[in-house]
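What follows is a set of notes on a single structure, which appears directly below.
Note that ligands are numbered from 1 as they come in the structure, with each ligand's atoms numbered from 1 the same way. Counting begins at 1 with the first residue of the sequence. Quantities reported herein were computed from a predicted structural model and do not represent experimental measurements.
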Amino acid sequence: MPDLAPHRTLDWIGGLDGHIEMIDQTLLPGQFKVIACHDVETLWEAIKVLRVRGAPAIGVAAAMGAVLGIRDATTYEDLYARLERVCDYLASSRPTAVNLFWALDRMKRRAQTLQGRPLADIKESLLAEARAVRDEDAAMCRAIGDAGQHLIADGAGVLTHCNAGGLATAEYGTALALMYRAHELGRRFRVYADETRPLLQGSRLTAWELSRAGMDVTVICDNMAGLLMAQGKINLVITGADRIAATGDSANKIGTYSLAVLAKAHGIPFYIAAPSSTFDLSIDDGSAIPIEIRDENEIRRGPGGLTAPEGVNCYNPAFDVTPAELIHGIITERGLIQPVTREQVRTVIGR
Ligand code: MRU
């Protein structure tokens with residue numbers, strides 16, 4: 001398990017007059033700093049610039065953000081109006097990870113069930129709901145680890161992309177949960193962490209987590225995966241996901257699709273690990289998943305200064321979609337989806 005103690009990836013501190021605390025992931029691995037969000041504007045910025053990131057962690061942040069938005073409501077009407085406003089505002093921070101929208105919808109649905117109760121009760125119940133979103137996410141990650149750990153054999157080489165670990169979730173992770181669990185069970189294997197340009201979540205965050213947990217992790221540049229596969233160093237590829245359509249087509253960090261194609265070409269199984277909150281069954285297939293386009297300067301001004309000439313165009317899609325036919329299986333807290341077909345997705349998730 002990642003040793004992030006004494007701080008969780010993010011959490012609500014105190015009672016209704018409390019605040020959100022989170023590890024500022026933009027500063028890792030150079031600096032470990034915990035920051036506080038007392039208002040929704042600070043939280044929106046933290047999500048936008050990736051101080052908190054990873055689909056499930058963004059969902060937890062959004063649920064807690066809804067509480068920041070309503071806690072000062074003075075009347076019943078005021079509370080419901082504020083809830084609509086804060087949910088619309090937080091929904092505008094990032095478009096791809098469906099967990100954000102899932103969590104905001106969940107908070108709104110909970111508020112509906114509380115209609116007619118005293119104002120103070122509604123506020124307390126919404127705080128309890130946000131805490132439940134966090135705790136349930138942690139439990140789902142444990143279950144994903146249990147469901148998928150058998151895929152990692154002793155002596156295996158496992159490739160992952162971006163960060164789908166404790167930092168991307170309430171705790172423990174999705175793709176990395178399998179690795180933590182296999183490690184806890186005494187299996188020894190090597191993880192290759194794709195650096196994950198342009199924001200380096202693989203080298204900065206995955207390598208940080210796994211090395212702190214005493215695991216064998218080696219960082220590679222994104223363009224090295226094909227060579228390592230051809231050399232027989234990779235037996236398994238596992239990543240997380242940001243939104244999974246009804247077909248099983250899965251959006252994840254840009255570069256995931258290329259890895260899946262490479263894995264197929266080399267006969268290496270490619271798996272996704274994700275909680276049920278990452279599925280969006282209202283989206284028929286991957287072509288309808290909104291892809292976040294981020295600032296060109298994330299490419300132009302990479303680590304160490306100018307990495308492309310000023311004035312040259314850069315294009316910076318943050319996610320891509322891996323078609324279901326390239327995915328060997330999807331590990332969820334409700335069990336394994338295999339083969340990845342519309343029917344199997346419906347059977348495991350749609351009930
Ligand atoms: O832009 P990011 O860092 O939020 O992207 C994160 C990913 O793509 C993760 O792989 C995904 O959210 C799954 S996290 C369990």
Side-chain angles (χ1 to χ4, degrees), residues 2 9-10 22-28 46-62 93-103 134 137-138 140-145 148 159-180 193-210 222 237-244 250-260 270-280 289-295 298-299 316-322 327 330-333:
T9 304
L10 77 167
M22 63 176 69
I23 299 170
D24 184 344
Q25 299 187 33
T26 62
L27 302 176
L28 288 171
I47 297 172
K48 183 77 184 170
V49 307
L50 277 53
R51 299 188 202 287
V52 61
R53 44 140 306 277
I58 297 173
V60 175
S93 57
R94 295 192 75 189
T96 303
V98 76
N99 309 60
L100 173 74
F101 309 97
W102 169 88
R134 198 221 79 89
D137 186 61
M140 286 192 287
C141 288
R142 296 271 165 191
I144 288 170
L159 177 64
T160 190
H161 191 67
C162 193
N163 170 263
L167 288 167
T169 58
E171 56 189 53
Y172 212 58
T174 57
L176 266 54
L178 277 61
M179 303 175 200
Y180 288 126
D194 263 354
E195 172 182 53
T196 316
R197 278 280 283 154
L199 295 179
L200 305 176
Q201 290 93 329
S203 57
R204 292 191 304 105
L205 307 177
T206 295
W208 183 80
E209 275 194 31
L210 293 177
D222 299 333
V237 183
I238 315 171
T239 74
D242 287 83
R243 192 185 297 228
I244 303 176
S250 299
N252 191 51
K253 179 53 57 195
I254 190 76
T256 304
Y257 172 41
S258 320
L259 279 188
F270 172 91
Y271 282 89
I272 296 264
S276 51
S277 52
T278 300
F279 286 76
D280 183 355
I289 298 178
I291 300 294
E292 178 178 17
I293 306 296
R294 292 186 63 84
D295 193 323
E298 290 179 350
I299 296 177
N316 189 11
F319 299 95
D320 57 27
V321 177
T322 300
I327 305 171
I330 303 179
I331 304 130
T332 79
E333 83 283 5

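Residue-ligand proximity: Ala241 is placed with a non-hydrogen atom under 4.0 Å from ligand 1. For Pro56, the heavy-atom gap to ligand 1 drops under 4.0 angstrom. Contact analysis leaves Thr239 out of contact with ligand 1, as no non-hydrogen atom separation drops below 4.0 angstrom. Residue contact check for ligand 1: Cys162 places a non-hydrogen atom closer than 4.0 Å to it. Put simply, part of Asn163 is less than 4.0 Å from ligand 1, judged by heavy atoms.
Of the candidates Gln201, Glu292, Arg94, Arg53, the one placing a heavy atom closest to atom 6 (C) of ligand 1 is Arg53.
What sits closest to atom 10 (O) of ligand 1 on the protein, heavy atoms only, is Asn252 OD1, 2.6 Å. Distance from atom 15 (C) of ligand 1 to its nearest protein heavy atom, with residue and atom name: Thr174 OG1, 3.1 Å.
Once rounded to the nearest 0.5 Å, the distance linking CG of Asn99 with OG1 of Thr278 reads 3.5 Å.
Ion pairing between Glu292 and Arg294 holds under the 4.0 Å rule for side-chain N and carboxylate O. Using a cutoff of 4.0 Å between basic side-chain nitrogens and carboxylate oxygens, Asp280 and Arg243 are scored as salt-bridged. Salt-bridge check for Glu171 with Arg134: passed, with a basic side-chain N closer than 4.0 Å to an acidic carboxylate O.
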